[in-house]
Amino acid sequence: MTELPKAYDFKEYEEGIYQEWEQKGYFKPTNDPNSSGHDPSVEPFVIVIPPPNVTGALHLGHPMFVTTEDIMVRYHRMKGEPTLWVPGTDHAGTATQLQVEKKLQSEGTSREEVGREAFEKRVWEWKEKYGGEITSQLRRLGASCDWSRERFTLDDGLSKAVREAFVQLYEKGLVYQGPRMINWSPGLQTAVSDLEVEYSEEEGKLYYFKYVLADGSGEYLPVATTRPETIPGDTGVAVHPEDERYSKFVGKEVLVPVLGRKIRVVADEYVTREFGTGALKITPGHDPHDYEIGERHHLELINIMNKNATLNENTGPYAGMDRFKARKQIWADMQEAGLVLKEEPYLMKVPRSQRGGEIIEPLVSSQWFIKMDSLAAKAAEAVRQGEITFVPERFTKVFLNWMENIQDWCISRQLWWGHRIPVWYCDECHETIVSREDPSSCPKCGSTALRQDPDVLDTWFSSGLWPFSVFGWPENTPDFQYFYPTSVMETGYDIIFFWVARMVMDGLEFTGKVPFHTVYLHGMIRDDKGQKMSKTKNNVIDPLVLMDEYGTDALRFTLVVGSSPGNDQNVGVKKVEANRNFANKVWNIGRFVISAINRIEEPALESIQWTLADSWIWARTRQTVNAVNDLFENYQFGEAGRQVYEFLWNDFADWYLEASKRQLAEGANRAARTATLLANVLDLMLRLLHPFTPFVTEALWGYLKAACQENGLVYKPIEGWEEHLIVGRWPERMPHEAWETDAIKDFELVQEIVRSIRNLRSEYKIEPNKSLEALFVSESRADFVEKNKHLLVDLAGLDEQSLTVHTTKPETEGLTALVVEDIEIFLSMTADGDDQADRERLEKELAEAESQIARLEKLLASPFAQKAPAQVVEAEREKLAGYKSSAEKLRERLG
RNA sequence: GGGCGGUUAGCUCAGUUGGUUAGAGCGUUGCGUUGACAUCGCAAAGGUCGUAGGUUCGAGUCCUAUACCACCCA
């Protein structure tokens with residue numbers, strides 16, 4: 001006999017349950033392709049995890065995606081499919097390198113000082129030390145992934161995949177080396193891709209100044225710029241070809257302020273005549289648009305910037321000066337020289353690094369790029385052909401739009417932590433060697449004086465290969481053959497370009513297949529006021545704290561229920577608390593059911609008739625099972641969870657458990673039958689709920705199973721008890737049966753009567769434990785009331801002895817009346833019943849009924865009656881009939 | 001400039017083939033410790049579903065326009 005504590009204590013269970021699951025091997029897929037007896041024809045369900053940063057800290061986004069993926073995985077596992085969730089972590093080049101650099105800084109040294117080799121060693125040490133933290137937190141979240149297949153993007157196997165991919169692209173001519181205009185991050189001292197630059201609108205100034213003609217005429221061309229520090233790099237001034245104001249200047253030369261260099265005035269349609277002065281200074285070395293204009297007009301390209309964002313020797317007196325100081329200094333010098341016209345406030349778009357927020361400098365540099373158009377065309381076509389479905393659907397358009405306007409991808413990074421670019425240069429003959437294996441000598445001249453390219457690849461390069469590199473690609477492993485392509489890619493919409501797009505392109509390019517058939521995109525987590533969580537706003541909620549306080553299940557349920565795919569979600573502690581309460585509610589439902597089972601002493605006979613409450617709860621159970629199945633198939637996990645919640649709390653606990661108490665008290669067959677049904681419904685609901693709240697359901701289900709088995713008289717699942725709920729069979733759809741409709745309708749009438757009586761009790765402030773004398777009158781429903789009077793007695797607090805049911809009205813003097821449809825209910829309230837108040841209440845009810853009658857009569861007289869489906873019309877007719885009989889009884893009562 | 005999402009109760013949000021009295025949690029008010037649960041129960045107050053049109057027998061849900069907020073792309 002199990003005696004459960006009054007409250008669910010998650011701390012007692014979570015860790016042990018997870019260990020048990022893992023130890024029993026439930027996280028590993030059945031039908032393993034590496035084992036004998038593998039059947040390749042059985043389709044597996046496969047998810048690869050979006051690998052968290054190896055040294056990253058857990059934030060609410062993690063529990064969010066872990067829960068969503070775990071729900072899918074547990075659902076498919078319970079359906080009996082071979083199910084695999086591959087875990088792993090990402091080396092996260094920049095993020096990790098920065099952390100270690102910070103550490104070095106605190107030790108009073110730097111990566112430059114320790115040198116590349118030692119630095120890399122330090123990062124690996126760091127990874128070993130902290131890399132396990134994030135995965136242990138994933139475990140704590142209940143992630144049922146196969147840890148024996150855990151991968152890290154810098155593993156040997158994955159590094160091999162990276163090399164293979166790079167070399168293949170190179171051989172196909174899809175990888176090429178700059179120089180090109182790139183985004184330079186001065187703080188990180190590396191190039192970054194377009195995606196890593198964010199543009200923020202900021203208050204700046206528009207500086208107006210004179211470009212004086214070189215011919216000595218004293219005439220000048222007025223020019224406006226937001227970045228005076230780039231003036232030393234100007235190699236032209238452009239005006240619109242049809243701009244009459246400036247046509248006379250085209251072809252002439254003007255003098256660069258301070259430096260006095262002569263540059264040409266050109267005509268180009270890119271220039272917007274309305275902006276600024278209509279004349280645009282051209283700095284081909286430091287602006288992407290100017291770069292293009294410069295190319296069109298064969299303007300010289302001058303680099304004026306050092307890698308640390310100070311100006312270089314090409315800027316004369318400003319050499320060595322920081323870019324922002326130079327901006328001021330140049331302007332001051334020009335002012336002195338009388339070249340300044342004016343300055344005005346201007347809202348400018350400032351390019352900032354996605355990481356760290358420093359201002360990015362566009363400059364020309366030699367970097368490695370991937371040519372994207374052919375890759376993107378294939379990916380876009382696959383999506384158009386429906387080979388990949390997005391959930392929610394709207395992201396299809398976002399994806400395609402990006403693919404159709406794609407730019408080449410700068411993949412080299414001047415970092416030390418990452419996949420080294422597999423390119424070597426021969427010092428002797430200057431041959432470039434791109435190779436899968438480290439070359440020992442130059443294939444052209446035989447020299448051994450080889451230098452490997454110092455750069456590493458953008459982190460996202462390896463991420464793009466993740467769905468197949470985790471299975472051993474380029475080797476044709478059993479895992480790769482069986483588990484690839486994967487089923488669903490679940491990730492945040494913020495990395496649709498960074499990651500999803502690249503996986504699709506890479507998958508098609510390297511494996512000839514789309515890497516997954518469905519992309520499920522979740523929204524972002526915000527605080528309870530809808531603001532992004534950030535340390536500076538001090539509104540960060542630590543998931544670990546939430547788990548400590550409320551349990552993992554509560555956190556999981558919160559992050560999935562009450563949200564919908566692709567939409568951002570505001571999370572507050574209150575919600576988690578409410579869901580902790582839900583876990584406790586489930587627990588207590590379980591305690592009740594188990595104690596009921598334990599008291600059963602004789603088996604239920606099949607012949608015993610079900611009560612109305614039995615039929616109703618079973619009908620609702622079937623409805624809920626079906627609805628949850630529908631919702632799961634459509635990735636509507638939030639709504640599915642909500643329906644189980646509502647069923648358990650509002651139907652099962654609030655009504656059926658209460659109704660079952662008398663049935664259990666009857667003993668014998670009735671009690672056994674009731675306990676069986678309680679167990680059956682709870683078993684099914686724990687199964688439906690398990691993907692959401694795996695711990696409390698597993699714990700409770702274990703006790704339920706034990707109670708049923710120990711007792712042996714009651715419920716047993718169709719296919720017997722599984723070892724653990726995690727591998728329990730998922731409840732399948734049950735066809736609708738005719739009796740369900742009436743059962744639900746009838747019980748709802750009971751509920752309405754009970755609510756009316758409770759309402760009245762509340763109005764009269766009758767103590768909850770005081771039984772009321774009641775008298776029911778109904779011509780058509782007398783039998784119904786008689787049959788279900790126990791329900792009414794128990795749920796509404798009536799006095800059983802004095803309760804009477806009549807078909808015609810007896811003397812009711814001194815009793816308070818209630819009307820529900822054509823059932824009149826007379827109750828003995830307080831001795832000194834207030835007739836006047838009673839009358840008012842009944843009048844109010846009558847008025848309400850009459851207004852409903854008027855509304856429905858009008859509706860039914862309208863074209864609605866002819867045009868709407870018969871079923872819908874009939875439902876309205878029934879309502880009208882109900883109100884009519886109520887009104888009639890009320891009028892009688894009021895005299 | 002283009003695109004996308006949102007606007008529903010005091011607050012935070014659900015509401016997916018349009019079905020006629022719009023739901024939850026939290027908060028608020030009143031009552032309450034009936035052996036599953038005070039991490040609870042019963043009852044109540046609270047919404048012309050951003051605005052204006054349209055389609056339809058019927059619109060929170062579909063269409064058009066518009067306002068505001070947020071995000072993405074340029």
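A note on names: the letters A, B, ... follow the listed sequences, proteins ahead of strands, and every chain is numbered from 1. Every heavy atom of this structure was used, including side-chain atoms; hydrogens, water molecules and symmetry mates were not.
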Between B:C4 and A:K397, is there an OP1 or OP2 to side-chain N/O distance shorter than 4.0 Å?
-> yes
### Rounded P spacing from B:U34 to B:A9 in Å
37 Å
note: A:N634, atom CG; B:U17, atom C1'; distance rounded to Å ~ 11 Å
note: A:M524, atom CE; B:C72, atom P; distance rounded to Å ~ 10 Å
message: Between A:D494 and A:M524, is there a side-chain heavy-atom distance shorter than 4.5 Å?
response: yes
Whole-Å distance, A:N405 CG to B:G1 C1', equals 14 Å
Practice task
Under 4.0 Å between any heavy atoms, over every strand shown, what does A:A653 touch: base, sugar-phosphate, or nothing? Just pick one.
Solution key: base
Of B:C26, B:A14, B:G35, the nucleotide closest to the side chain of A:K574 is B:C26
Here the distance between atom C1' of B:C4 and atom CG of A:D568, to the nearest Å, is 12 Å
From CZ of A:F395 across to P of B:G3 the rounded distance in Å is 17 Å
Describe the nucleic acid contact of A:E639 in one word from base, sugar-phosphate, nothing, applying a heavy-atom distance below 4.0 Å. sugar-phosphate
Residues A:E857, A:K884: salt bridge by 4.0 Å N-O rule:
yes
### Query
Does the side chain of A:D799 pick up a donor-acceptor pair with the side chain of A:S802 at under 3.5 Å?
yes
Rounded to whole Å, the CZ-C1' distance (A:R394 to B:C73) equals 15 Å
Rounded to whole Å, NZ of A:K575 lies from P of B:G25 at a distance of 13 Å
Its dot-bracket string being built from Watson-Crick and G-U pairs below 3.5 Å, with | for another strand and [ ] for crossing, RNA chain B has the pattern (((.(((..((((.....[...)))).(((((.......))))).....(((((..]....)))))))).))).
Notebook entry, point to check: Reckon A:N567 touches a base, only the sugar-phosphate, or nothing at all at heavy-atom distances under 4.0 Å?
Noted result: sugar-phosphate
*Has A:R355 got its NZ or CZ under 6.0 Å from the middle of the six-membered ring of A:W460, at an angle within 45 degrees of the ring axis?*
no
| said: By the 4.0 Å heavy-atom rule, please label A:K858 as base, sugar-phosphate, or nothing. | reply: nothing
- If you measure from the C1' atom in B:U28 to the same atom in B:U12, how many Å do you get, rounded? 16 Å
request  = Assess whether side chain to side chain contact (heavy atoms under 4.5 Å, CB included) is satisfied between A:F692 and A:T67, documenting all intermediate values.
outcome  = CA-CA 7 Å; A:F692 299 90; A:T67 304; over 6 Å; no
Taking only the C1' atom of each, what is the distance from B:G32 to B:C68 in whole angstrom? 46 Å
#### Entry: Touch class at under 4.0 angstrom, heavy-atom based, for A:S595 against every strand present
nothing
Here the distance between atom C1' of B:G2 and atom CH2 of A:W402, to the nearest Å, is 18 Å
In A:T816, A:L827, A:L772, A:N759, the residue satisfying side-chain contact (heavy atoms from CB on, under 4.5 Å) with A:Y764 is A:T816
Check your understanding: Below 6.0 angstrom between ring centroids: does that apply to A:Y493 and A:F399?
Key -> no
*Apply the test ring-ring contact (aromatic ring centres under 6.0 Å, His included) to residues A:Y75 and A:Y635: give CA-CA distance (whole Å), side-chain angles for both, the deciding distance (0.1 Å), then the verdict.*
CA-CA 11 Å; A:Y75 162 64; A:Y635 299 93; 9.1 Å; no
Each nucleotide of nucleotides 37-44 of chain B classed B (base within 4.0 Å of a protein heavy atom), S (only sugar-phosphate) or -, in 5' to 3' order, makes BSBSSSSS
TODO: Please measure how far the C1' atom in B:U7 lies from the corresponding atom in B:G2, and state the result in whole Å.
DONE: 22 Å
With a 4.0 Å cut-off on heavy atoms, is A:Y550 in touch with a base, just the backbone sugar-phosphate, or nothing at all? nothing
Taking the six-membered ring of A:W409 as reference, does the cationic atom of A:R502 (NZ for Lys, CZ for Arg) lie under 6.0 Å from its centre and within 45° of its axis? yes
Measuring centre to centre across the rings, with the benzene-like ring taken for any Trp, is A:Y13 within less than 6.0 Å of A:F695? no
Notebook entry, point to check: Within the structure shown, what part of the strands sits under 4.0 Å from A:R761 by heavy-atom distance: base, sugar-phosphate, or nothing?
Noted result: nothing
B:G25 and B:G15, which share atom name C1', separated by this distance in whole Å: 15 Å
Can you check the distance between B:A14 and B:U51, where both ends of the measurement are the C1' atom (answer in whole Å)? 24 Å
I'd like the P distance from B:C69 over to B:C31, given in whole Å. 45 Å
Quick note, salt bridge (Lys or Arg N to Asp or Glu O under 4.0 Å) partners involving residues 562-574 of chain A, not counting sequence neighbours, are A:R526-A:D568
Ring centroid separation A:Y270 to A:Y291 under 6.0 Å
no
inquiry  = Once you apply a heavy-atom cut-off of 4.0 Å, does A:V872 come out as touching a base, just sugar-phosphate, or nothing?
reply    = base
Whichever of A:D794 and A:N650 has the more 5' nearest nucleotide on RNA chain B, that residue is A:N650
Checklist entry - Can we say A:E202 and A:R352 salt-bridge, meaning some charged N sits less than 4.0 Å from an Asp/Glu carboxylate O? => result yes
Q: Assign A:E646 to base, sugar-phosphate, or nothing according to its heavy-atom contacts below 4.0 angstrom with the strands shown.
A: sugar-phosphate
Under a 4.0 Å heavy-atom criterion, the protein footprint on nucleotides 54-69 of chain B, written with B, S and -, is ---B------------
Would you please say whether a donor-acceptor pair under 3.5 Å links the side chains of A:D651 and A:Y656?
-> no
Tabulated below should be each protein N or O lying under 3.5 Å from an N or O of nucleotides 47-49 of chain B; please produce it.
none

Test: A:R580 and A:D553 ion pair at under 4.0 Å
no
Per nearest nucleotide of RNA chain B, the residue lying toward the 5' end, A:E198 or A:L657, is A:L657
Residues passing the side-chain contact (heavy atoms from CB on, under 4.5 Å) test with A:T396, sequence neighbours excluded, are A:V383, A:F390, A:E393, A:L400
| said: If I pick the C1' atom on B:A74 and the same atom on B:G10, what distance separates them, to the nearest angstrom? | reply: 41 Å
